[in-house]
Amino acid sequence: MRLILLGAPGAGKGTQANFIKEKYNIPQISTGDMLRAAIKEGTELGLAAKKVMDAGQLVSDDIIIGLVKDRLKAPDCANGYLFDGFPRTVAQADAMKDAGVAIDYVLEIAVPDDQIVERMSGRRSHPASGRVYHVKFNPPKVEGKDDVTGEDLVQRDDDKEETVKKRLDVYHNQTEVLLGYYGEWAKSGQPGAPKYRKIEGVGPVEEIRERAFAALSS
C-alpha cells in the first residue's frame, strides 16, 4: 500500500494515518522527521538542508525529493508507505512523479471548513500531561479545569480560531489544487496513475476508519 493522504488541517488525517499504518504495516513518511534525521546524521542532503534553513529560507523541492527517495529505500518501506502532509504543492507532486515515486492510492478526507474551525478552536489542553479536551465533544468535568489535577486548561495558539482560519486559507490557496491534480491523473488511465478516493471525514472516528479501509480496498 503506497498512499498519499490529503485533506485540510484538522480533517483528522493523523488519526486515520495511524489506523492505516497498523493495518498495512507501513511507515508514515513525514518530511519534517526526515529533514531532522538527515541533519542530525549529517548526510549530504541533511547538510544542504541545514545550510538553507540556517539562512532562514525554505528547503527546495529537490532536496525534499532526494530525502524522500533515500527514505523509501529503507527496509521498513518494503510493504509500502504513507505520505501525510506531502506533497503540498503541484511542483512537489510533479517532482515526485518525475522521480518515479510509486503511488497506489490518493485518499482525500473531506471535512467542511466550519466543522474544522469548531473542531480545532474548541480544543483545550493540559500542558503538563498532554491531556486534550473539547468544549463541546469531550468537555472536562469542571469547565476550564483538568479532570485529574484540577489545573487550568489552555487553548494552544495553533487552535485559536484566527490561526485555524489562516491555516485553512493557506490550504485552499496552495494545497487544494492537488485534489484536482491527482483526480485528473487517476482518470487519465495512464500507466502508474494512482486510484483517487474521497471519503467524508465527519462522524465517529471508527466510522471514518471503516470508510477509509473500504475506499482503499476498492
Side-chain angles (χ1 to χ4, degrees), residues 1-107 109 120 123 125-132 154-160 163-164 166-168 170-171 173-175 178 181-182 194 212:
M1 175 58 66
R2 299 168 298 190
L3 170 76
I4 293 173
L5 210 47
L6 292 179
K13 297 191 300 297
T15 304
Q16 296 308 319
N18 284 326
F19 293 137
I20 292 166
K21 278 179 354 192
E22 280 173 24
K23 180 175 170 68
Y24 293 101
N25 189 25
I26 54 175
Q28 185 170 347
I29 308 290
S30 152
T31 49
D33 290 348
M34 282 190 308
L35 268 174
R36 285 185 285 275
I39 289 168
K40 195 174 166 189
E41 289 162 21
T43 66
E44 191 179 332
L45 284 166
L47 293 171
K50 188 176 186 311
K51 195 171 164 188
V52 173
M53 288 159 75
D54 286 348
Q57 295 169 322
L58 285 175
V59 178
S60 72
D61 291 343
D62 289 350
I63 291 176
I64 297 284
I65 296 294
L67 287 170
V68 167
K69 286 171 78 174
D70 280 354
R71 177 69 185 84
L72 298 186
K73 290 174 191 159
D76 65 341
C77 292
N79 295 327
Y81 36 81
L82 183 155
F83 286 104
D84 168 20
F86 184 83
R88 284 182 193 275
T89 62
V90 168
Q92 288 177 346
D94 277 338
M96 270 180 87
K97 198 195 262 190
D98 293 344
V101 175
I103 299 294
D104 301 313
Y105 280 90
V106 176
L107 180 66
I109 301 180
M120 293 179 78
R123 282 185 195 158
S125 56
H126 179 243
S129 68
R131 278 185 287 277
V132 179
V154 300
Q155 184 183 34
R156 297 182 323 141
D157 287 343
D158 271 3
D159 294 334
K160 289 185 174 153
T163 311
V164 175
K166 273 186 197 148
R167 287 177 67 197
L168 285 170
V170 170
Y171 170 75
N173 290 330
Q174 288 183 6
T175 308
L178 290 175
Y181 177 98
Y182 284 112

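Keep in mind the model is a prediction, meaning the values are calculated, not measured. Keep in mind that the numbers below use all heavy atoms, side chains included, and drop hydrogens, waters and symmetry copies. Position 1 is the first residue of the sequence, and the numbers go up from there.
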- Message: Main chain of Arg88, side chain of Gln92: is a donor-acceptor contact present, judged purely on distance under 3.5 Å?
- Response: yes

- In Å, rounded to the nearest 0.5 Å, how long is the span from CD of Gln155 to CE of Met120? 10.5 Å

- Task: State which residues pass side chain to side chain contact (heavy atoms under 4.5 Å, CB included) with Pro194; sequence neighbours excluded, sorted by chain then number.
- Result: Ile103, Val106, Tyr182, Trp185

- Heavy-atom closest contact (Ala11 atom, Ile109 atom, distance): O-CG2, 3.5 Å

- Message: Run the side chain to side chain contact (heavy atoms under 4.5 Å, CB included) test against Ala95 and tell me which residues pass, sequence neighbours left out.
- Response: Ile65

- Sequence neighbours left out, what passes salt bridge (charged side-chain N to carboxylate O under 4.0 Å, His left out) with Arg2? Give chain and number order. Asp104

- Using atom types as modelled and distance alone, determine if a side-chain donor or acceptor of Lys13 lies under 3.5 Å from a backbone N or O of Ala8. yes

- Query: Sequence neighbours excluded, which residues qualify as side chain to side chain donor-acceptor pair (under 3.5 Å) partners of Asp70?
  - Reply: none

Distance-only check: which donor-acceptor pairs under 3.5 Å involve side-chain atoms of residues 26-37, not counting sequence neighbours?
residue, atom, partner, partner atom, Å
Gln28, OE1, Lys21, NZ, 3.4
Gln28, NE2, Asp84, OD2, 3.3
Ser30, OG, Gly32, N, 3.3
Ser30, OG, Asp33, N, 3.1
Asp33, OD1, Arg36, NH2, 2.8

- Query: Between Leu5, Leu3, Val101, which is the residue that forms a side chain to side chain contact (heavy atoms under 4.5 Å, CB included) with Phe83?
  - Reply: Val101

- When every non-hydrogen atom of Pro87 is compared with those of Leu178, the smallest separation belongs to O-CD1, 3.0 Å

- Item | Atom of Tyr171, atom of Gly7 and distance for their closest heavy-atom approach | CE1-O, 3.5 Å

- Sequence neighbours left out, what passes side chain to side chain contact (heavy atoms under 4.5 Å, CB included) with Arg156? Give chain and number order. Arg123, Ser125, Asp158, Asp159

- Query: Looking at Leu67 and Ala38, what are the two nearest heavy atoms and their distance?
  - Reply: CD2-CB, 3.5 Å

- State which residues pass side chain to side chain donor-acceptor pair (under 3.5 Å) with Asp94; sequence neighbours excluded, sorted by chain then number. Tyr181

- Message: Among residues at least two apart in sequence or on other chains, which ones pass side chain to side chain donor-acceptor pair (under 3.5 Å) with Ser129?
- Response: His126, Arg131

- Message: Taking side-chain hydrogen bond (donor to acceptor under 3.5 Å, both in side chains) as the cut-off, I'd like each qualifying pair that reaches into residues 72-82, sequence neighbours left out, listed once.
- Response: Arg71-Asp76

- Message: Could you work out, with salt bridge (charged side-chain N to carboxylate O under 4.0 Å, His left out) as the rule, every residue matching Lys160, not counting sequence neighbours?
- Response: Asp157

- Message: Using the side chain to side chain contact (heavy atoms under 4.5 Å, CB included) criterion, which residues pair with Lys50? Sequence neighbours excluded.
- Response: Ile39, Asp54

- Item | Pairwise side-chain contact, Phe86 with Ile4, heavy-atom cut-off 4.5 Å (strictly under) | no

- Message: Working to the nearest 0.5 angstrom, can you tell me the gap between Leu45 CG and Asp62 CG?
- Response: 10.0 Å

